[in-house]
Amino acid sequence: MKKRGNLMTMNKIAAALTVLAALCLLAVVAVAQDDMVKIEGTAFGAPERPAAVFKHDEHNEKAKIEDCIVCHHGVDDKGKLAKGESSEGTPCADCHTVKGAKGTPLMRAYHRQCQGCHEKAGKGPNACGECHVRGK
Ligand code: HEC
Ligand code: HEC
Ligand code: HEC
Ligand code: HEC
């Protein structure tokens, strides 16, 4: 009986440590997206255009987008786009390759998501130089 009690305490400590580690990770991630002011596009190798401006949190507040899934959509076990699955923290390039071997190529994925919504909303930039701003 005593032994079992010790084991349970150990389990509780282990659980607490896991939660703590997860919280630390969340804090790091939150700072990262909060600090984001543009999309670097490192997956493109040597990009032709200046990185697109995108102040992550400020943009989403102004645009009143509350649901992360609107942009960070996720997939099911078969790799198909799935409603309700999100992928925040996973770069678009992890699923959308530059050449688009498995589906929508990376540049088109960004353009369709960003411009698609701006067109629909009748708000937000749609000219190249408004997103790919020189000297920013
Ligand atoms: C709504 C914002 C937006 C607009 C408008 C836009 N882009 Fe982009 N574009 C992006 C984002 C985001 C990426 C991902 C990488 C980055 O930030 O450069 C990208 C990537 C690219 C890339 C691949 C990376 C590179 O630089 O080689 C090219 C080329 C490009 N855009 C050209 C254009 C051209 C040409 C236009 C106008 C016809 C345009 N874009 C309009 C947001 C935009
Ligand atoms: C309007 C579209 C949009 C919305 C809404 C959005 N994000 Fe993002 N987020 C992006 C894009 C684009 C990137 C850059 C992805 C890349 O580099 O491939 C990004 C990057 C991130 C990153 C990685 C940070 C970094 O610096 O690499 C995290 C974490 C993240 N988002 C979390 C969230 C969370 C949490 C929410 C909801 C509260 C959210 N995002 C809502 C578009 C969005
Ligand atoms: C976990 C994998 C995954 C991530 C991460 C991901 N996507 Fe997708 N996306 C898919 C799949 C699967 C499809 C459906 C097949 C296709 O069109 O490539 C898709 C389709 C799309 C489409 C075309 C269909 C539509 O919704 O209009 C766009 C645009 C798109 N993704 C943009 C993005 C952007 C931008 C990001 C990053 C903010 C992103 N995706 C992150 C897996 C992903
Ligand atoms: C689901 C809708 C939606 C998506 C997706 C979206 N935007 Fe926007 N964006 C908006 C709206 C709405 C505004 C206008 C906000 C306002 O000022 O009222 C806007 C404004 C902007 C602006 C003007 C400055 C600012 O921050 O307000 C930039 C730059 C911009 N978007 C870049 C992007 C880029 C780059 C992407 C893709 C990574 C993107 N947006 C994806 C809805 C969206």
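Whatever order the structure lists ligands and atoms in, that order sets their numbers, starting from 1.
- Annotation: side chain of Lys80 is not in contact with side chain of Val75 (no heavy-atom distance under 4.5 Å).
- Every atom of ligand 3 with a heavy atom of Cys95 under 4.0 Å away is listed here by number and element: 1 (C), 2 (C), 3 (C), 4 (C), 5 (C), 42 (C), 43 (C).
- From the protein, the heavy atom lying nearest to atom 36 (C) of ligand 3 is Cys92 SG, 2.9 Å.
- Using modelled atom types, one side-chain atom of Asp76 and one backbone atom of Gly79 make a donor-acceptor pair closer than 3.5 Å.
- In terms of modelled atom types and a separation under 3.5 Å, the side chain of Gln115 and the main chain of Arg112 share no donor-acceptor contact.
- Within the 4.0 Å heavy-atom shell around ligand 3 one does not find Asp94.
- At the top of the distance list for atom 11 (C) of ligand 3, counting protein heavy atoms only, stands Leu81 CD1, 3.6 Å.
- Counting protein heavy atoms only, atom 17 (O) of ligand 1 is closest to Ile39 O, 2.6 Å.
- Checking Cys114, Ala51, Gly116 against atom 38 (C) of ligand 4, the nearest heavy atom belongs to Cys114.
- Between Cys95 atom SG and Leu81 atom CG the span is 9.5 Å, to the nearest 0.5 Å.
- The main-chain N or O of Thr90 is never found under 3.5 Å from a side-chain atom of Ser87 such that the two would form a donor-acceptor pair.
- Counting the atoms of ligand 3 from 1 in the order shown, those under 4.0 Å from a heavy atom of Gly103 are 18 (O).
- Criterion: ILVMFWY side-chain heavy atoms under 4.5 Å apart, direct or through other members. Under it, Leu106 and Phe54 are part of a common hydrophobic cluster.
- Here His111 contributes atom NE2 and Thr104 contributes atom OG1; the two are 13.5 Å apart, rounded to the nearest 0.5 Å.
- The nearest non-hydrogen atom to atom 41 (C) of ligand 3, considering only His111, His72, His73, comes from His73.
- Here the heavy atom of the protein found nearest to atom 1 (C) of ligand 1 is Cys131 SG, 2.7 Å.
- Of the protein's non-hydrogen atoms, Arg49 N, 2.8 Å is the one closest to atom 26 (O) of ligand 1.
- Looking at His118 against ligand 1, only its side chain comes within 4.0 Å, counting heavy atoms.
- Taking 4.5 Å as the limit, every side-chain heavy atom of Met107 sits out of range of all side-chain heavy atoms of Val98.
- Of the candidates Ala109, Pro91, Gly89, it is Ala109 that places a heavy atom closest to atom 28 (C) of ligand 3.
- In this structure, the side chain of His72 does not engage the main chain of Ser86 through any donor-acceptor pair within 3.5 Å.
- For atom 18 (O) of ligand 4, the closest heavy atom belonging to the protein is Lys123 CD, 3.7 Å.
- Nearest protein heavy-atom contact of atom 34 (C) of ligand 1 is Cys128 SG, 3.6 Å.
- Residue-ligand proximity, Gln113 to ligand 3, at heavy-atom distances under 4.0 Å covers atoms 29 (C), 32 (C), 33 (C), 34 (C), 35 (C), 38 (C).
- Formation of a donor-acceptor pair under 3.5 Å by the Gln113 side chain with backbone atoms of Cys71 is found in this model.
- In this structure, the protein non-hydrogen atom closest to atom 14 (C) of ligand 1 is Tyr110 CD1, 3.3 Å.
- Counting protein heavy atoms only, atom 12 (C) of ligand 3 is closest to Gly79 O, 3.3 Å.
- Hydrophobic cluster membership is shared by Met36 and Phe44, with clusters built from Ile, Leu, Val, Met, Phe, Trp and Tyr side chains linked at under 4.5 angstrom.
- Here the heavy atom of the protein found nearest to atom 22 (C) of ligand 4 is Pro125 CD, 3.3 Å.
- A side-chain donor-acceptor contact under 3.5 Å links His132 to the backbone of Pro50.
- Side-chain contact annotation: Thr42 with Glu40, donor-acceptor N/O pair under 3.5 Å absent.
- For Ala46, no heavy-atom contact with ligand 1 is shorter than 4.0 Å.
- Between Thr97 and Pro105, every side-chain heavy-atom pair lies at or beyond the 4.5 Å cut-off.
- Annotation: the span from Glu88 atom CD to Asp67 atom CG amounts to 9.0 Å, rounded to 0.5 Å.
- Shown in contact with Thr104 at under 4.0 Å from a heavy atom are these atoms of ligand 3, numbered in order with element: 16 (C), 17 (O), 18 (O), 23 (C).
- Annotation for Lys38 and Val53: closest pair CB-CA, 4.0 Å, computed over non-hydrogen atoms.
- Residues Glu119 and Asn126 meet the side-chain proximity criterion, which asks for heavy atoms closer than 4.5 Å.
- Within the 4.0 Å heavy-atom criterion, the part of Asn126 lying near ligand 1 is the backbone and not the side chain.
- When all heavy atoms of Gly41 and Pro47 are compared, the pair lying nearest together is O-CG, 3.9 Å.
- Close contacts of ligand 1 with Ala127, meaning ligand atoms under 4.0 Å from a residue heavy atom, involve 5 (C).
- Residue Glu40 does not touch ligand 1, judged by heavy-atom distances below 4.0 Å.
- Polar contact with ligand 1: absent for Pro47 (N/O pair, distance under 3.5 Å).
- If you number the atoms of ligand 1 from 1 as listed, the ones under 4.0 Å from a heavy atom of Ala52 come out as 10 (C), 11 (C), 12 (C), 16 (C), 17 (O), 18 (O), 42 (C).
- The single protein non-hydrogen atom nearest to atom 4 (C) of ligand 4 is Cys117 CB, 3.4 Å, given as residue, atom name and distance.
- Residue Gln115 places no N or O, backbone or side chain, under 3.5 Å from any N or O of ligand 1.
- To the nearest 0.5 Å, atoms NE2 (His73) and NZ (Lys83) are separated by 13.0 Å.
- Close contacts of ligand 3 with Arg112, meaning ligand atoms under 4.0 Å from a residue heavy atom, involve 27 (O), 29 (C).
- On a distance-only criterion, Lys62 and ligand 4 share at least one N/O pair closer than 3.5 Å.
- Residue-level proximity to ligand 1 for Met107 is carried by the side chain, the only part with a heavy atom below 4.0 angstrom.
- Of the protein's heavy atoms, Glu48 N, 2.7 Å lies nearest to atom 27 (O) of ligand 1.
- The distance from ligand 4 to the heavy atoms of Cys71 drops below 4.0 Å at these ligand atoms: 5 (C).
- Comparing Arg108, Glu88, His96, Lys80 against atom 20 (C) of ligand 3, the shortest heavy-atom distance belongs to His96.
- When atom types are taken as modelled, the side chain of His118 and the backbone of Lys123 share no donor-acceptor pair closer than 3.5 angstrom.
- To the nearest 0.5 Å, the span separating CG on Asn60 from CD on Glu66 amounts to 10.5 Å.
- Shortest contact from atom 19 (C) of ligand 1 to any protein heavy atom: His132 CE1, 3.3 Å.
- Within ligand 4, counting atoms from 1 as listed, the ones closer than 4.0 Å to a heavy atom of Ile65 are 1 (C), 2 (C), 3 (C).
- At a heavy-atom cutoff of 4.0 Å, ligand 4 is contacted by the side chain of Val70 but not by its backbone.
- Nearest protein heavy-atom contact of atom 15 (C) of ligand 1 is Phe44 CE1, 3.6 Å.
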